[in-house]
Amino acid sequence: MKMKLALFCMLTATVAMPAFAQSKPVEPPGGKYAKDAEQMFLSSFRADNPKYWMARLEQDETMKTCGLYRDNPPRKVAEQLEKLNRATIRYPVDGKLIGDWKEGQKLAAVGTGGHIGFIQPDPPGRLRGGNCYACHQLAKAEVAYGTIGPSLQHFGKLRGNSEEIVKYAYDKIYNSNAFTACTNMPRFGLHSWLTPEQITHIVAFLIDPESPVNKD
Amino acid sequence: MAANPMKIRASNKDGVTEVKVLISHEMETGQRKDASGAIVPAWFITDLTAKHNDRLVLGAEFGTAVSKNPYLAFRFKGGAKGDKIVVSWKDNKGDTRTDEAAIG
Amino acid sequence: MNNQRRTVLKSGSGAALLGLLAAAGIINPGMALAEWNKAAFDAKSMADTLKALGAGTPAESKDVQVTGPDIAENGAVVPVGVSSTLPNVTMVAILIEKNPNALAASFTLPEGTEANVQTRVKMGQTSNVYALVKSDGKFFMATKEIKVTLGGCGG
Amino acid sequence: MIQRFIRTLVGAVVVAAFAGSAAAQDSKVADELAKYREALADGNPADLLEVKGEGLWMEKRGPKNASLEQCDFGLGPGKLEGAYAQLPRYFKDTGRVMDVESRLVHCMMTLQGFTKEQATKNWFSKPGTESDIEALVTFIGAKSNGVKINVPATHPEEAKMAKMGEYIFYRRSGPQDFSCAICHGQDGKRIRLQELGNLTTKEGAGMAMKTWPSYRVSQGAVWTMQRRLIDCMRQARWPEPNYLADSIIALQTYLQKNATGTVMETPGIKR
């Protein structure tokens with residue numbers, strides 16, 4: 001944690017310097033009203049939201065920086081962010097990165113979990129899924145897939161199951177920003193949205209030759 | 001009588017009258033739980049009739065699987081422009097509603 | 001009201017009484033058409049539902065159709081209908097195999113009403129949907145699978 | 001009205017189908033989905049609510065036993081034609097930029113004498129509990145049907161709101177790293193099977209904004225834009241904003257500004 005903080009600070013320093021003189025800089029969202037907007041945004045939430053809910057509005061350096069650049073940071077800034085995020089990746093205790101594809105299949109389809117608020121919160125203990133199909137094509141049988149992310153159909157079939165590929169899949173799910181700063185994909189491991197073990201199940205869903213991602 | 005009127009559209013073409021009905025009703029299945037975890041009791045339209053003038057042109061029985069704010073479309077012969085279509089429904093709580101429209 | 005009507009129907013002079021009640025505005029005219037088929041709507045499986053409807057084992061027929069799209073963007077509202085080219089169709093019904101109760105709706109079609117009825121139903125999941133038709137006193141059936149998709153943000 | 005809906009819905013789906021993958025399975029799904037949406041469009045339960053809203057508009061209610069007919073949505077007292085399409089806007093009498101709902105609540109308070117709590121108690125419907133605001137907004141929205149969205153945000157307060165909306169649009173936070181831009185910042189994408197408008201463009205913002213308020217079949221209710229945006233924040237796994245919060249009005253100002261020039265087709269019907 002301390003190391004993470006240190007890295008964040010380093011990054012802040014980098015961003016503060018005019019390191020992005022490559023192309024015409026885009027105006028940060030909100031322009032001269034950005035500060036007012038931040039204050040207005042934070043004061044717009046119901047007073048009865050518990051503090052630990054409100055904590056979800058805090059931004060880490062990656063979030064802040066991505067917003068500033070409308071998710072399109074200059075290469076140098078992006079590299080800093082990627083380095084910072086790479087350092088956060090943790091692995092399962094037993095070191096095994098391929099879990100049970102059937103569990104992974106379930107997690108890929110589940111889009112619930114983690115909703116708060118007073119109107120339609122998730123019941124306590126509701127499974128938090130990866131919601132992979134919201135953005136990716138995976139098993140052929142599931143026609144209701146999104147296209148925000150690339151198709152992952154035949155992921156293992158096309159890329160094999162080398163140690164390198166397996167590790168890449170795990171790392172990408174754990175912290176997508178380790179590879180592409182400001183990508184649309186959540187950082188599932190960093191936020192403990194998915195446990196390392198759950199991530200290995202999704203890896204198996206992508207890699208295992210028996211998984212419907214590869215078989216059909 | 002239930003508060004919200006139905007929307008009834010009836011149009012005549014080549015001697016066939018097409019009737020489309022939209023009804024305001026909760027159609028609660030009796031299987032949903034509320035926020036406190038208690039089962040919300042079933043509340044749904046059970047019976048519906050449609051009449052052309054005084055002649056029955058459709059009888060319907062609904063179960064809880066009919067969607068909220070039910071929609072119904074059917075066709076019958078013998079209607080003429082200006083004729084009256086009267087639709088009535090009744091739900092499992094005994095509430096009823098009758099509305100009418102002219103064939104256009 | 002339901003109970004009242006049931007009692008009335010069971011008594012010998014039902015028809016006369018019904019007329020009186022209707023005239024008095026106690027029951028809605030046309031409502032007393034037939035008793036809501038509780039047994040059929042309460043039945044769980046396809047077989048029990050068909051039995052409760054008195055339909056036995058209906059023959060599959062190409063002249064019966066489940067109408068509507070093959071895919072639903074949401075299971076809460078699935079447009080579905082029954083149409084048939086068979087003669088003298090007096091009743092049609094919509095059954096959804098994987099719903100908790102298979103029977104969704106049934107329709108009585110007086111003479112002059114086409115065997116072509118559309119409605120919207122709830123489906124808990126992808127399922128075979130059956131159209132049941134009574135023609136010349138005999139039952140016929142057709143089926144198709146309607147896919148219920150998950151949609152939106154997922155929650 | 002209904003036929004126009006069908007045409008636009010089908011048009012949108014056809015475009016999406018061609019833009020998407022050319023696989024046979026996908027095109028079959030797109031065809032059936034188009035059929036689904038077409039079937040729903042012919043019989044929008046929001047029409048029932050529109051009628052109810054009209055009744056509520058004219059009904060004398062509240063401690064002052066007054067109707068809403070003198071409510072001014074920016075075009076003069078009682079002038080509803082095209083008013084929704086020009087909101088949010090700055091109102092001199094309150095000194096604030098207001099959207100249709102905050103203005104409606106303002107009128108319920110000033111004209112009818114309701115307290116804010118009374119006026120907003122059922123700002124959205126629940127099974128068995130209807131919402132007057134939903135009905136009224138459906139009615140008011142429909143009065144802009146066929147009218148071009150026109151929120152140039154030229155007044156300094158409107159311009160500021162639009163800019164603050166833009167800021168919120170790109171602001172990431174929460175356990176999924178979400179901002180509005182994640183899903184709504186690119187062209188031609190979809191989430192599951194639902195097309196996502198690129199809300200930073202006129203076309204994308206227009207596609208989204210022109211059909212609200214909209215009946216949502218998954219919810220069995222008409223959703224207003226406040227409800228829509230507050231739920232976006234729920235989906236982002238954020239805490240819950242206040243109803244009528246400035247952040248929601250700011251987002252609306254930003255989106256309506258982007259959508260300016262698009263013709264309204266409301267009430268819509270959606271998944």
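The sequence lines fix the lettering, A, B, ..., with proteins before strands; numbering per chain opens at 1. If you're wondering where the values come from, they're calculated on a predicted model, not measured in any experiment.
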Select, from B/K20, B/K68, B/Q31, the one with the greatest count of heavy-atom pairs under 4.5 Å involving chain C. B/Q31

Tell me, out of B/S67, B/A73, B/A50, who's got the most heavy-atom pairs with chain C below 4.5 Å. B/S67

Regarding B/T98 and B/S88, is there a side-chain donor-to-acceptor distance under 3.5 Å anywhere? yes

Heavy-atom side-chain contact between B/F74 and B/E18 under 4.5 Å: no

C/G112, C/A40, C/P100: which one forms the most heavy-atom pairs within less than 4.5 Å of chain B? C/G112

Checking side-chain polar atoms at under 3.5 Å, does C/Q65 have a donor or acceptor matched by the opposite partner on C/D63? no

Contact listing (chain B partner; residues 75-90 of chain C; heavy atom under 4.5 Å): C/A76, C/V77, C/V78

Which one of C/A93, C/S106, C/A105 has the most heavy-atom pairs closer than 4.5 Å to chain B? C/S106

Going by distance alone, is a donor N or O of one side chain under 3.5 Å from an acceptor N or O of the other, for B/D91 and B/W43? yes

Side chain / backbone / both / neither for C/N37 at chain B, heavy atoms under 4.5 Å: both

Polar side chain donor-acceptor pair, B/N69 to B/H25, under 3.5 angstrom: no

Under 4.5 Å from any heavy atom of chain B - which part of C/F41: side chain

So C/Y130 and C/E97, do their side chains get closer than 4.5 Å, heavy atoms only? yes

May I have the step-by-step check of salt bridge (Lys or Arg N to Asp or Glu O under 4.0 Å) for C/D70 and C/K144, ending in yes or no? CA-CA 8 Å; C/D70 296 351; C/K144 82 164 174 181; 2.7 Å; yes

Side chain from CB out, backbone as N, CA, C, O: work out which of these in B/V19 comes under 4.5 Å of a heavy atom of chain C, or both, or neither. neither

Checking the side chain of B/T46 only, and the main-chain atoms of B/K90 only, is there a donor and an acceptor separated by less than 3.5 Å? yes

Counting heavy-atom pairs under 4.5 angstrom with chain B, the leader among C/I96, C/D42, C/V92, C/V117 is C/V117

For residues B/T49 and B/L58, determine if any side-chain heavy atom of one lies less than 4.5 Å from a side-chain heavy atom of the other. no

If you apply the rule salt bridge (Lys or Arg N to Asp or Glu O under 4.0 Å), what do you find for B/D99 with B/R97, and how did you get there? CA-CA 7 Å; B/D99 289 289; B/R97 169 103 212 169; 2.8 Å; yes

Measuring heavy-atom distances to chain B, does C/N99 have an atom under 4.5 Å in its side chain, in its backbone, in both, or in neither? side chain

